[in-house]
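Single-structure report; data block below.
By convention in this document, chain letters (A, B, ...) are assigned in the order of the sequence lines, proteins followed by strands, and residues within each chain are numbered from 1.
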2 protein chains.
Amino acid sequence: MRQQPYHHGDLRRALLTEAVTVIGESGPHAVSLRDLARRTGVSHAAPQHHFGDKAGLLTAIAAEGFELLARSLESAGDDLLDAGVAYVRFATSHKAHFEVMFTPALYHADSPEVAAPRERAGEALAARAPKRREARLAAWSIVHGFATLWLSGALTDIGDDPAAAARPVIRLLLR
Amino acid sequence: MRQQPYHHGDLRRALLTEAVTVIGESGPHAVSLRDLARRTGVSHAAPQHHFGDKAGLLTAIAAEGFELLARSLESAGDDLLDAGVAYVRFATSHKAHFEVMFTPALYHADSPEVAAPRERAGEALAARAPKRREARLAAWSIVHGFATLWLSGALTDIGDDPAAAARPVIRLLLR
DNA sequence: ATGCTATCTTGTCAGTGCCAAGTTTGGGGT
DNA sequence: ACCCCAAACTTGGCACTGACAAGATAGCAT
């Protein structure tokens, strides 16, 4: 006779989705386990069962993010320019994941749960990048910098399609 | 007859210094006004008098950061490569300031207190950067990306002097 | 059907940000 | 020299949070 069944069905997935929404709107610091529980209609301690602690929730988001990034890069083809644009597109269209992924103080960055997909994304990137270390660093830096600058609101005069705006910028390095 | 005088002398400065230390060690999310008060030997509400709220404290740190960045760039000379290296050197030697500066969700990013020094830093950067918009974006992106990747621990195979390691990387863009 | 276990709840505690009201102190105006 | 007033700080309190412990429920394998 209760409105919500005792077992949610897929609470873990629901919490992750809700968390990504909140982070995307207000940043990682704005997320609260109790608030997520309220939004999902469960008790205040339910999230702890699935993630252990708050860092565990963010670890799951980071892992999912590296997985998604790896897939994005893999499906971008072998061209370095296209891969770079795909990197920017991923970052700006998965704001929440990206912010968490590169803020290791927020989660269990050394957990195997996140190390595996991170390595997979790293390999996808390395396979399309130049062989010389400096050139590889330059390529990663320019796309990562463009993405983070856009995410932090420093690039307002660029239009509403950051991935498209990134293409001619990246080309300057690859010429 | 009390151990600590009622008036601290320069509590504002002391709180800022302590905050920068904590953020540098554990990130911005780890700082707590009450903890800073304890470390400084004042009551738990003293920080609010100087900064209004927690975001106000971080606003002061961001403002100080943009001021320091502007000075670093100005004293780096007119060469773009040197300015780029100076940018990376600032970011990696002022970890706490830099992290806060580019996480606007943490502070009052539209406050005039921080807008003025941010503009000054922007001008110092623009004065040394290429005139074409894409080239300017490329230069900012590559140094910002290198710096943030290093700060997030993604660049471990680079040695202990990130500014020096950045030079040949930046040169690839400017050739 | 029965018991086992993952899932979820209830209750509690220390810590935090913020607000309101009170206390102390240094310094400027007379 | 005095007063007094505004700035600096304290005390007390409230709502919220993360984490822990112990109990309740329900799906599932046997």
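An OP1 or OP2 oxygen of C:dC8 is reached within less than 4.0 angstrom by no side-chain nitrogen or oxygen of A:His49.
Separating the CG atom of B:Leu36 from the P atom of C:dT16 is a distance of 10 Å, rounded to the nearest angstrom. Regarding B:Arg13, its CZ atom lies at a distance of 15 Å from the P atom of D:dC9, rounded to whole Å. Residue B:Arg12 contributes atom CZ, which lies 12 Å from atom P of D:dC9 at whole-angstrom precision. Atom CZ in A:Arg38 sits roughly 17 Å away from atom C1' in C:dC8 (whole-Å rounding). Whole-Å rounding puts the A:Gln48 CD to C:dC8 P distance at 13 Å.
Residue B:His44 places a side-chain atom within donor-acceptor reach of the base of D:dG12, judged by atom type and a 3.5 Å distance cut-off alone.
A heavy atom lying under 4.0 Å from DNA chain D marks the following residues of residues 16-35 of chain B, by number: B:Arg34. Of the residues in residues 50-59 of chain B, those with a non-hydrogen atom less than 4.0 angstrom from any atom of DNA chain C are B:Asp53, B:Lys54.
Under the rule for a salt bridge (Lys or Arg N to Asp or Glu O under 4.0 Å), the partners of B:Arg13 that lie at least two apart in sequence or sit in another chain are B:Glu64. In terms of the ring-ring contact (aromatic ring centres under 6.0 Å, His included) criterion, residue partners of B:Phe90 (sequence neighbours excluded) are, by chain and number, B:His94.
Rounding to the nearest 0.5 Å gives a distance of 8.0 Å between CG of B:Leu73 and OH of B:Tyr87.
The environment of CG in A:Asp10 is crowded: more than 12 heavy-atom neighbours from other residues, nucleotides or ligands sit within 6.0 Å.
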N/O donor-acceptor pairs under 3.5 Å from side chains in residues 112-121 of chain B, not counting sequence neighbours:
from, atom 1, to, atom 2, distance (Å)
B:Arg118, NH1, B:Ala109, O, 3.4
B:Arg118, NH2, B:Ala109, O, 3.0
B:Arg120, NE, B:Glu74, OE2, 3.2
B:Arg120, NH1, B:Glu67, OE2, 2.1
B:Arg120, NH2, B:Glu74, OE1, 3.0

Under 3.5 Å, side-chain donor or acceptor atoms of residues 145-158 of chain A against the rest of the protein: list the pairs with distances, not counting sequence neighbours.
from, atom 1, to, atom 2, distance (Å)
A:Thr148, OG1, A:His144, O, 3.0
A:Thr148, OG1, A:Gly145, O, 3.1
A:Ser152, OG, A:Thr148, O, 3.2
A:Ser152, OG, A:Leu149, O, 3.1

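The closest side-chain heavy-atom distance from B:Leu58 to B:Ile23 is below 4.5 Å.
With salt bridges taken as basic N to acidic carboxylate O contacts below 4.0 Å, one links B:Asp82 and B:Arg167.
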